[in-house]
Visitor: 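Before I ask anything, here is the structure I am working with.
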Amino acid sequence: MQQANLGDGVATARLLSRSDWGARLPKSVEHFQGPAPYVIIHHSYMPAVCYSTPDCMKSMRDMQDFHQLERGWNDIGYSFGIGGDGMIYTGRGFNVIGAHAPKYNDKSVGIVLIGDWRTELPPKQMLDAAKNLIAFGVFKGYIDPAYKLLGHRQVRDTECPGGRLFAEISSWPHFTHINDTEGVSSTTAPVVPHVHPQAAAPQKPHQSPPAAPKV
């Protein structure tokens, strides 16, 4: 498993590599230069929230299958995934052009919190992991220290990242209200929800989630 040293004064995170979760090779990889000026938060809608590392690994594979095989994309669309186990799963990674937010794919880090967060708030370990990942990205120079934090719905006509999660991230540092000239207009055509047909049914929390190495 990949370990990420976040430095003094920054909370630890658990970061798993693509090989850890069994990712298929990308069809191609396109990079963008410099620190990303935007961080965009998503929810998967489906797969549903996962609470064990094996279940979350399967959710990552399900999303990659859907994006590559059904939609014909180069790879899973997101830069990183966050599981209900508190793990961070590497998707396309930092400084790689994603497929998660039109007009922002070549200048953002797209983070998906696995699950449906329209009415429920993600568990604390998921929210903490997302914050830790952002802090790590800033610390390592992958994310601009003056980055703007957005929910997917701010740049595309979609429910994502869900009303409850969007309300939560609205209180985070760097959350930014953008206007139509910076994002997309209100007439943008709606997109298909984040539905992954091959996703597993919701999993119940495990009483003793598997231990994972901290940094």
Side-chain angles (χ1 to χ4, degrees), residues 1 11-18 20-23 39-68 70-71 75-92 98-101 109-134 136 149-153 156 158-172 175 191-214:
M1 291 185 181
T12 57
R14 310 177 190 109
L15 179 62
L16 275 67
S17 70
R18 291 172 61 90
D20 286 329
W21 58 268
V39 174
I40 299 179
I41 303 296
H42 302 258
H43 75 168
S44 64
Y45 179 63
M46 289 185 67
V49 62
C50 51
Y51 290 101
S52 74
T53 299
D55 288 341
C56 292
M57 288 179 174
K58 183 178 186 304
S59 293
M60 291 294 291
R61 293 193 298 270
D62 286 341
M63 288 189 288
Q64 187 187 38
D65 286 348
F66 182 62
H67 290 171
Q68 279 192 318
E70 298 292 327
R71 291 190 168 179
D75 197 357
I76 188 171
Y78 310 109
S79 308
F80 296 92
I82 306 291
D85 56 351
M87 296 285 198
I88 301 167
Y89 295 85
T90 303
R92 297 200 183 194
H100 61 90
V109 176
I111 303 173
V112 60
L113 277 66
I114 300 171
D116 176 0
W117 307 118
R118 292 175 297 174
T119 59
E120 296 183 18
L121 186 66
K124 183 178 184 298
Q125 63 266 27
M126 293 187 78
L127 300 174
D128 288 346
K131 293 175 182 177
N132 292 343
L133 175 59
I134 295 170
F136 172 66
L149 178 70
L150 303 173
H152 187 201
R153 63 173 57 184
R156 193 72 185 263
T158 175
E159 283 188 307
C160 181
R164 186 65 186 89
L165 177 55
F166 184 72
E168 167 66 21
I169 67 169
S170 297
S171 68
W172 291 9
F175 178 78
V191 298
V192 177
H194 293 235
V195 178
H196 301 278
Q198 299 176 359
Q203 302 292 329
K204 294 182 179 179
H206 288 235
Q207 293 297 322
S208 300
K214 287 190 175 182

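All values reported here derive from a predicted model rather than from experimental measurement.
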Visitor: Could you measure the distance from the CD atom of Glu70 to the CG atom of Asp65? Nearest 0.5 Å is fine.
Guide: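 The CG atom of Asp65 is 9.0 Å from CD of Glu70, to the nearest 0.5 Å.
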
Visitor: Do Asp62 and Lys58 pass the salt bridge (charged side-chain N to carboxylate O under 4.0 Å, His left out) test, and can you show the C-alpha distance, the side-chain angles, and the key distance before you say yes or no?
Guide: CA-CA 6 Å; Asp62 286 341; Lys58 183 178 186 304; 3.0 Å; yes

Visitor: Is the shortest heavy-atom distance from the side chain of Leu127 to the side chain of Ile82 under 4.5 Å?
Guide: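 They are not in contact (no side-chain heavy atoms under 4.5 Å apart), so the answer is no.
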
Visitor: With a 4.5 Å limit on heavy-atom distance, are the side chains of Thr90 and Phe80 in contact?
Guide: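 Thr90 vs Phe80: side chains touch.
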
Visitor: Could you pull out the closest heavy-atom pair between Leu121 and Glu168, with the gap in Å?
Guide: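 That closest heavy-atom pairing would be CD1-CB, 3.6 Å.
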
Visitor: What pair of heavy atoms forms the shortest contact from Tyr78 to His43, and how long is it?
Guide: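 Here Tyr78 and His43 meet closest at OH-O, 4.3 Å.
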
Visitor: Judged by atom type as modelled, is there a donor-acceptor pair below 3.5 Å linking the side chain of Ser59 to the main-chain atoms of Asp55?
Guide: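 Yes; at least one donor-acceptor contact below 3.5 Å.
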
Visitor: Does Arg118 reach the side chain of Tyr45, with side-chain heavy atoms less than 4.5 Å apart?
Guide: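 Yes. Closest side-chain heavy atoms under 4.5 Å.
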
Visitor: Would you mind reporting whether Ile134 and Leu149 have side-chain heavy atoms less than 4.5 Å apart?
Guide: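 In contact.
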
Visitor: Is the shortest side-chain heavy-atom distance between Ile88 and Ile111 below 4.5 Å?
Guide: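 Contact flag for Ile88/Ile111 side chains = no.
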
Visitor: For the residue pair Gln64 / Asp75, report whether a side-chain donor-acceptor contact shorter than 3.5 Å exists.
Guide: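 There is such a pair (donor and acceptor under 3.5 Å, judged by atom type) between the side chains of Asp75 and Gln64.
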
Visitor: Check this for me: Glu159, atom CD, are more than 12 non-hydrogen atoms of other residues, nucleotides or ligands nearer than 6.0 Å?
Guide: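 Not more than 12 within 6.0 Å, no.
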
Visitor: Over all heavy atoms of both residues, which pair between Ile40 and Gly151 is shortest? Give the atoms and the distance, please.
Guide: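 Of all heavy-atom pairs spanning Ile40 and Gly151, the closest is CG2-C, 4.3 Å.
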
Visitor: Before you tell me yes or no, could you show the steps for Val49 and Met126 under side-chain contact (heavy atoms from CB on, under 4.5 Å), namely the whole-Å CA-CA distance, both residues' side-chain angles and the distance that decides it to 0.1 Å?
Guide: CA-CA 10 Å; Val49 62; Met126 293 187 78; 4.3 Å; yes

Visitor: Between Asp20 and Ser17, does any side-chain donor sit less than 3.5 Å from a side-chain acceptor?
Guide: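 Yes, because at least one side-chain N or O of Asp20 sits under 3.5 Å from a partner of the opposite role on Ser17.
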
Visitor: Evaluate the criterion side-chain contact (heavy atoms from CB on, under 4.5 Å) for residue pair Val112 and His100; output intermediate values, then yes/no.
Guide: CA-CA 9 Å; Val112 60; His100 61 90; over 6 Å; no

Visitor: Can you name the nearest heavy-atom pair linking Ala130 to Leu113, along with the distance?
Guide: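 Taking Ala130 first and Leu113 second, the nearest heavy atoms are CB-CD1, 4.3 Å.
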
Visitor: For Gly84 and Cys56, which heavy atoms make the closest approach, and how far apart are they?
Guide: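 That closest heavy-atom pairing would be N-SG, 3.8 Å.
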
Visitor: Is any side-chain heavy atom of Tyr89 less than 4.5 Å from a side-chain heavy atom of Met63?
Guide: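 SC-SC contact between Tyr89 and Met63 ruled out.
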
Visitor: Quick one: closest heavy-atom pair of Ala129 and Gly86, and the distance?
Guide: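 Between these two residues, the closest heavy atoms are CB-O, 3.7 Å.
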
Visitor: Less than 4.5 Å apart, side chain to side chain, heavy atoms only: is that true for Leu165 and Pro122?
Guide: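 Contact flag for Leu165/Pro122 side chains = yes.
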
Visitor: For the backbone of Gly91 and the side chain of Arg18, can you confirm whether one donor and one acceptor N or O come within less than 3.5 Å of each other?
Guide: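 Yes, because the side chain of Arg18 sits within donor-acceptor range (under 3.5 Å) of the backbone of Gly91.
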
Visitor: Please determine whether side-chain contact (heavy atoms from CB on, under 4.5 Å) holds for the pair Arg14 and Met87, giving the CA-CA distance in whole Å, both sets of side-chain angles, and the decisive distance to 0.1 Å.
Guide: CA-CA 5 Å; Arg14 310 177 190 109; Met87 296 285 198; 3.6 Å; yes

Visitor: Is the His152 ring parallel, tilted or perpendicular to the His42 ring (thresholds 30°, 60°)?
Guide: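 If you compare the ring of His152 with that of His42, the planes turn out tilted.
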
Visitor: Is any side-chain heavy atom of Met60 less than 4.5 Å from a side-chain heavy atom of Leu16?
Guide: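 Side-chain contact under 4.5 Å: no.
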
Visitor: Does Ser79 reach the main-chain N or O of Arg92 with its side chain, forming a donor-acceptor pair under 3.5 Å?
Guide: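 Looks like no, no N/O pair under 3.5 Å.
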
